[in-house]
Amino acid sequence: MSEKEDPKKTNFIRPNFIRRIIDEDLAHGRHARIATRFPPEPNGYLHIGHAKSIVLNFGIAEDYRGTCNLRFDDTNPHKENREYVEAIKEDVHWLGYAWGERLYFASDYFEQLYGFAVELIEKGRAYVCALDAEQIREYRGTLTEPGQESPYRDRPVAENLDLFAHMRAGAFPDGTLTLRAKIDMASPNLNLRDPVLYRIRHGVIHHRTGDEWCLYPTYDYTHPISDALEGITHSLCTLEFEDHRSLYDWVVANVSVPCRPRQIEFSRLNLEYAVMSKRRLTQLVDEGFVAGWDDPRMPSIAGLRRRGYTPEAIRTFCERIGVTKADNLVEMAMLENTIREDLDRKVPRAMAVLRPLRLVLESYPEDRTELLTVPNHPKDTTKGTRPIPFTRELYIDRDDFMEEPVRGFKRLVAGGEVRLRNAYVVRCVRVVKDRTGAVVELRCTHDPDTLGKNPEGRKIKGVIHWVSARQAIAAEVRLYDRLFAVPEPGAGGRDFRADLNPASLHTLTLCFLEPGLAAAAPGDRFQFEREGYFVADKDSHPARPVFNRTVTLRDTWSRKTGG
RNA sequence: UGGGGCGUCGCCAAGCGGUAAGGCACAGGGUUUUGAUCCCUGCAUACCCAGGUUCGAAUCCUGGCGCCCCAGCCA
C-alpha cells in the first residue's frame with residue numbers, strides 16, 4: 001500500500017470523482033498538463049465554502065503539477081470593488097496558495113469578449129434584442145411551457161452589427177437593448193432560451209476599466225471564454241451551474257477560442273449553525289449583526305483567521321469533507337476537531353483565570369515568591385519551559401470551586417484538597433463570604449512536600465489552574481460561540497436573522513493571565529490550560545491584552561453534567 | 001405536472017459486479033499534575049424502496065419514492 005493510498009498518512013489524497021475524471025482524461029491523452037482556476041467575484045469576502053473550492057482547485061494543480069489561476073470574475077461593476085479584490089488575494093495567500101504570475105481579471109478580456117460577440121453575430125448566432133427585462137421574462141415561457149421567439153430574433157446581421165457597435169458607443173440607455181444568443185426558445189433548459197450575453201450599464205465605474213465601457217458581458221458568456229483563453233482544462237464549479245453547462249459548451253463551440261475546457265460541478269459546503277451565502281454574510285455585516293467581515297464569529301476566512309484558526313487546519317478540514325455531488329450539511333464538530341488537532345500539537349500552554357476567585361494560602365509566607373519552572377507543552381519538550389511566579393495570594397476560576405459539590409466533582413471543595421497545576425496540593429480550610437452569601441475568597445493551606453511529586457498515602461483527583469495575584473496581568477477575553485442558534489439558519493422560510501444566537505459572544509473584562517502573556521503579539525496562539533485555545537486579538541496591547549477563544553477543549557465533564 | 005442533479009452508519013465519505021474503507025460524533029476501557037492530549041475496544045448481515053439480471057448486486061436493468069437546483073439584463 002503506497003502512502004497516497006493509506007488514509008492514516010497525513011499526505012493521503014482522498015480520491016474523488018473529479019480526480020478520477022482528470023485521471024481518465026490524462027490516460028486518454030486529452031491534455032498535456034492540467035490547468036484549473038479559482039474564479040471569485042470581488043463582491044464580498046471569501047468564506048470557508050470558497051476555501052473548499054480553493055483547496056480543490058489549487059490542490060489539483062499541485063498534485064498534477066499543473067497550474068491554478070486566480071481570476072476575478074468582475075463582469076458586474078455594480079457590486080464589485082477593489083477592497084474585495086485585495087481581501088480575496090490576502091485570504092488565498094494566507095491559506096497557503098500562490099498564483100504567481102497567473103493573476104487574471106475577466107475584465108482584461110472585455111475587448112476580446114466583444115470581438116467574439118461580433119463573431120457570433122456574423123455567424124447569425126446572436127442578435128440585438130429590444131425587449132425590456134419584463135418582456136424577456138414573459139417571452140421566456142415557464143418551466144413547463146416553451147418560450148416565444150423575440151420579434152427581433154431575425155434582425156439582419158448587418159443591422160445587428162451596427163446596433164451592437166452603437167450599444168458600445170453609448171447610443172442607448174440602460175435596459176433598452178441586449179445582445180442575445182440565438183439558441184432555442186423551446187429548450188427544456190431555460191438557460192438555452194436565447195440567454196442575454198451583453199447588457200448596457202451607464203454611469204457605473206468599473207474597478208478596473210473605469211468608464212471605458214457601458215456594455216458588460218454576462219457570466220454565462222464570459223466564464224467559458226475566460227477559461228478557454230487561459231487554457232483551463234477543467235473548470236470546477238458548484239452544482240447550481242449544472243444547468244449552465246450546456247450553455248458553457250455552446251459558447252465555447254461557437255466562438256474561435258483556442259481550446260474547449262470542461263466544466264465539472266461539485267456540491268457546495270454547508271456548515272451547521274452558519275450561513276454561507278455572500279448575500280446573507282453581507283447582510284450580517286451591513287446591518288451590524290457582526291462587527292465586520294473579520295468578526296471572529298463569521299465563517300469568512302478573515303473571521304476564522306481572527307478567531308485563531310490556522311490555514312493548515314482549514315485546508316485539512318476541506319480535504320476531510322471530501323468532494324462529491326451530494327447535498328451535505330457538515331457538523332461543526334468536524335471543523336472544531338480539525339482546529340483542536342492542529343493547535344494541540346503546535347501551540348504553547350499557558351494559565352489564565354477567566355472568572356477570578358481569590359485564594360489565600362495561610363501557610364505560605366507573605367513575602368515569598370517562588371519561580372516555578374513549567375513546561376510549555378506536556379508532550380513536546382522541544383517547546384521548552386518558562387518561569388511562573390507562585391505566591392501566597394492566587395486567583396483560581398470560580399468554576400473550580402464548589403462549596404457543596406455535585407456528584408463526581410473533583411476540583412476544590414470546602415475542606416477538600418486539589419492540585420494546583422504545576423505547583424502544590426492545597427486544602428481549602430475556610431470559605432469567606434460577603435453579606436449576600438456569595439463566596440469572595442478561599443483560605444487554604446498548602447502541602448510543601450507536593451511540588452513535583454504526589455503526596456504520600458492519598459490520591460489527589462483534581463487539578464486546577466491558577467495565577468499569582470500580585471503578578472497577574474488583567475486582560476479582556478472574548479468567548480465566542482456559534483453565530484446561530486439552529487443548525488440550519490433560515491430553514492423553513494424563516495428570516496435567518498431571527499435564528500441568530502443572542503449569546504454568540506461573551507466578553508470577560510477582568511481575567512487574570514500569567515505574566516508572560518503580556519508579551520503576546522496579535523495573532524499569537526496559546527492553549528489556556530483546561531479552558532481552550534486562544535489567540536491574541538488585533539485589539540490587543542501590552543497594556544491591555546485581548547484574547548479571542550478559538551475553540552474550547554473537548555469537555556466530557558460539562559457534557560456529563562449538562563453544562 | 002418541463003429540465004438538470006442527488007440518495008451508503010447520527011454527520012462527512014470510500015466503494016465502480018466478488019461478498020460494506022476511513023474521519024467526525026457517540027459508548028466503554030487504559031495512561032495522565034489539563035475532566036485535555038494520547039492509546040486500545042465497540043459502533044451499517046447492510047447501501048431510499050420494490051422487482052429483475054447474475055453463481056454472486058451498494059455496484060447492472062426496470063419501476064417507484066424522497067430531497068436539491070433552474071423561469072436575473074446576478075454570479
Side-chain angles (χ1 to χ4, degrees), chain A residues 6-8 12 14-16 20 39-41 43 73 75-76 78-79 129 131-133 136-138 140-147 174-180 187-193 195-201 216 218-220 222-223 237-246 265 267 269 272 278-279 320-338 340-341 344-345 349 351 374 377-379 408-411 419-423 425 450 452-454 460-465 527-532 552-561:
Chain A
D6 184 351
K8 290 191 175 113
F12 166 68
R14 159 171 277 141
N16 63 48
R20 195 168 9 261
E41 182 189 11
N43 68 341
D73 225 318
T75 58
N76 185 0
H78 201 73
K79 306 197 295 184
C129 183
L131 255 26
D132 64 28
I136 286 181
R137 196 184 330 120
E138 286 163 4
R140 186 155 33 224
T142 68
L143 293 179
T144 50
E145 303 156 23
D174 288 13
T176 53
L177 257 32
T178 57
L179 181 73
R180 294 229 259 163
S187 172
N189 180 349
L190 305 233
N191 293 118
L192 263 21
R193 321 246 262 225
V196 169
L197 269 22
Y198 269 93
R199 68 287 213 184
I200 298 171
R201 289 284 178 275
Y216 290 94
T218 56
Y219 165 87
D220 282 319
T222 308
H223 207 85
C237 64
T238 43
L239 246 36
E240 66 271 26
F241 292 104
E242 211 150 17
D243 289 337
H244 296 242
R245 191 171 62 233
S246 48
E265 312 83 14
S267 54
L269 166 66
E272 280 189 346
K278 266 194 212 168
R279 201 204 98 235
R320 279 187 188 161
I321 56 175
V323 179
T324 67
K325 297 185 72 150
D327 288 329
N328 60 79
L329 182 61
V330 177
E331 291 176 343
M332 209 40 117
M334 187 81 92
L335 217 210
E336 292 180 344
N337 171 266
T338 315
R340 283 191 189 113
E341 185 181 284
D344 174 59
R345 60 186 172 82
R349 313 286 122 128
M351 291 200 285
V374 319
H377 191 107
K379 282 187 295 196
F409 187 77
K410 50 186 212 189
R411 280 108 95 159
R419 155 76 64 183
L420 291 180
R421 173 79 166 150
N422 297 129
V425 168
T450 54
K453 60 178 171 185
N454 288 126
I460 308 299
K461 309 184 297 281
V463 181
I464 65 174
H465 55 97
Q527 183 199 95
F528 289 172
E529 293 199 67
R530 304 206 315 123
E531 291 289 357
T552 61
L553 254 29
R554 232 174 118 252
D555 185 358
T556 47
W557 167 246
S558 74
R559 216 173 49 219
K560 260 178 202 156
T561 55

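Values reported hereafter were calculated over all heavy atoms of this structure, with side chains retained and with hydrogens, waters and symmetry mates removed.
When distances are taken from the side chain of Asp327(A) to each of G35(B), C68(B), G4(B), the shortest belongs to C68(B). Taking the side chain of Leu553(A) as heavy atoms from C-beta on, and the options C6(B), C38(B), U34(B), the nearest nucleotide is U34(B). Candidate nucleotides C69(B), U37(B), G15(B) were compared by shortest atom distance to the side chain of Arg554(A), and U37(B) ranks first. For Glu41(A), taking side-chain heavy atoms from C-beta onward, the closest of the listed nucleotides U37(B), G3(B), A75(B) is A75(B). Proximity note for Pro15(A) (side chain, C-beta onward) versus A25(B), C73(B), A14(B): the nearest is A14(B). With distances taken from any side-chain atom of Ala326(A) to the nucleotides G5(B), C24(B), G7(B), the minimum falls on G7(B). For Asn328(A), taking side-chain heavy atoms from C-beta onward, the closest of the listed nucleotides G72(B), A13(B), C70(B) is A13(B). When the nucleotides A75(B), U34(B), A71(B) are ranked by their closest atom to the side chain of Phe241(A), A75(B) comes out on top. Closest to the side chain of Arg245(A), out of C12(B), G5(B), C74(B), is G5(B). Comparing C6(B), G3(B), A75(B) by their nearest atom to the side chain of Asn189(A) picks out G3(B).
For Thr178(A) (side chain) and Arg180(A) (main-chain N/O), no donor-acceptor pair under 3.5 Å exists by modelled atom type. Of the possible polar contacts, none joining the Arg137(A) side chain to the Asp132(A) backbone as a donor-acceptor pair under 3.5 Å is found. When atom types are taken as modelled, the side chain of Arg419(A) and the backbone of Ala423(A) share a donor-acceptor pair closer than 3.5 angstrom.
Across all strands, Gly452(A) comes closer than 4.0 Å to base atoms (heavy-atom distances). Across all strands, Ile321(A) comes closer than 4.0 Å only to sugar-phosphate atoms, never to a base (heavy-atom distances). Asn422(A) comes within contact range of at least one nucleobase, with a heavy-atom separation under 4.0 Å. Contacts of Leu269(A) with the nucleic acid, taken as non-hydrogen atoms under 4.0 Å apart, are absent. Base engagement by Arg411(A) is indicated by at least one non-hydrogen atom pair under 4.0 Å involving a base atom. Within 4.0 Å of Asp243(A), counting heavy atoms only, lies at least one base atom of the nucleic acid. Looking at heavy-atom distances under 4.0 Å, Ile460(A) makes no contact with the nucleic acid at all. His244(A) comes within 4.0 angstrom of a base, heavy atoms only. Residue contacts for Thr178(A): at a heavy-atom cut-off of 4.0 Å it reaches a base atom on one of the strands shown. Residue-level contact check: Arg419(A) touches the bases, meaning some heavy atom is under 4.0 Å from a base atom. In this structure, Asp174(A) reaches neither bases nor backbone, as no heavy-atom distance under 4.0 Å exists between it and the strands shown. No contact: Arg180(A) has no heavy atom under 4.0 Å from any strand. Counting any heavy atom pair closer than 4.0 Å across all strands shown, Thr324(A) reaches sugar-phosphate atoms only and no base atom. In this structure, Val323(A) reaches the sugar-phosphate backbone alone: every heavy-atom distance under 4.0 Å involves primed, P, OP1 or OP2 atoms, never a base.
An OP1 or OP2 oxygen of C38(B) is reached within less than 4.0 angstrom by no side-chain nitrogen or oxygen of Arg345(A). Put simply, Thr218(A) has no side-chain N or O that comes within less than 4.0 Å of OP1 or OP2 on C74(B). Between A13(B) and Arg320(A), no contact under 4.0 Å exists linking OP1 or OP2 to a side-chain N or O. Within the structure, a side-chain polar atom (N or O) of Arg20(A) is placed less than 4.0 Å from OP1 or OP2 of G15(B). Phosphate contact (OP1/OP2 of A71(B), side-chain N/O of Thr142(A), threshold under 4.0 Å): absent. Using a 4.0 Å cut-off, some side-chain N or O of Arg140(A) falls inside it from OP1 or OP2 of C73(B). Note on Arg279(A): every side-chain N or O is 4.0 Å or more away from OP1 and OP2 of A75(B). Note on Arg559(A): a side-chain N or O is less than 4.0 Å away from OP1 or OP2 of A27(B). For Arg137(A) and G72(B), the shortest distance from a side-chain N or O to OP1 or OP2 is below 4.0 Å. OP1 or OP2 of A75(B) sits under 4.0 Å from a side-chain N or O of Thr75(A).
Ion pairing between Glu336(A) and Arg554(A) fails under the 4.0 Å rule for side-chain N and carboxylate O. With respect to Arg245(A) and Asp220(A), no salt bridge is recorded, no charged nitrogen being found less than 4.0 Å from a carboxylate O. Salt bridge present: Glu341(A) and Arg320(A) bring a charged side-chain N and a carboxylate O closer than 4.0 Å.
Using a 4.5 Å heavy-atom cutoff, the side chains of Asn76(A) and Asn43(A) are not in contact.
Summary of the strand contacts: Leu177(A) and Val463(A) both lie near RNA chain B, and taking for each the nucleotide with the nearest heavy atom, the more 5' one is attributed to Val463(A). Take the nearest nucleotide of RNA chain B for Asn454(A) and for Pro39(A): the residue whose nucleotide is more 5' is Asn454(A).
Following rounding to the nearest Å, Glu242(A) (CD) and A75(B) (C1') show an atom-to-atom distance of 16 Å. What separates OH of Tyr216(A) from C1' of A75(B) is a distance of 16 Å, to the nearest Å. Look at CG on Leu329(A): it is 16 Å from P on A25(B), rounded to the nearest Å. Between Phe528(A) atom CZ and U37(B) atom C1' there is a gap of 18 Å when expressed in whole angstrom units. One interatomic measurement links the two molecules: CD of Gln527(A) to C1' of U33(B), which rounds to 14 Å at whole-angstrom precision.
Classified by interplanar angle (parallel below 30°, tilted 30° to 60°, perpendicular above 60°), the ring pair His244(A)/Tyr219(A) is perpendicular.
A side-chain N or O of Asn189(A) and one of Ser246(A) form a donor-acceptor pair less than 3.5 Å apart.
With its ring centre under 5.5 Å from that of the base six-membered ring and a plane angle below 30°, Trp557(A) counts as stacked on G35(B).
Across all strands shown, the partner of G66(B) is C6(B), judged by Watson-Crick or G-U wobble contacts whose two distances both fall under 3.5 Å. Searching all strands for a Watson-Crick or G-U wobble partner of G42(B) with both distances below 3.5 Å returns C26(B). Nucleotide A14(B) is matched to nothing when pairs are restricted to Watson-Crick or G-U wobble geometry with both distances under 3.5 angstrom. Across all strands shown, U1(B) forms no Watson-Crick or G-U wobble pair with both distances under 3.5 Å. Partner assigned to U59(B) is none, using Watson-Crick or G-U wobble distances below 3.5 angstrom.
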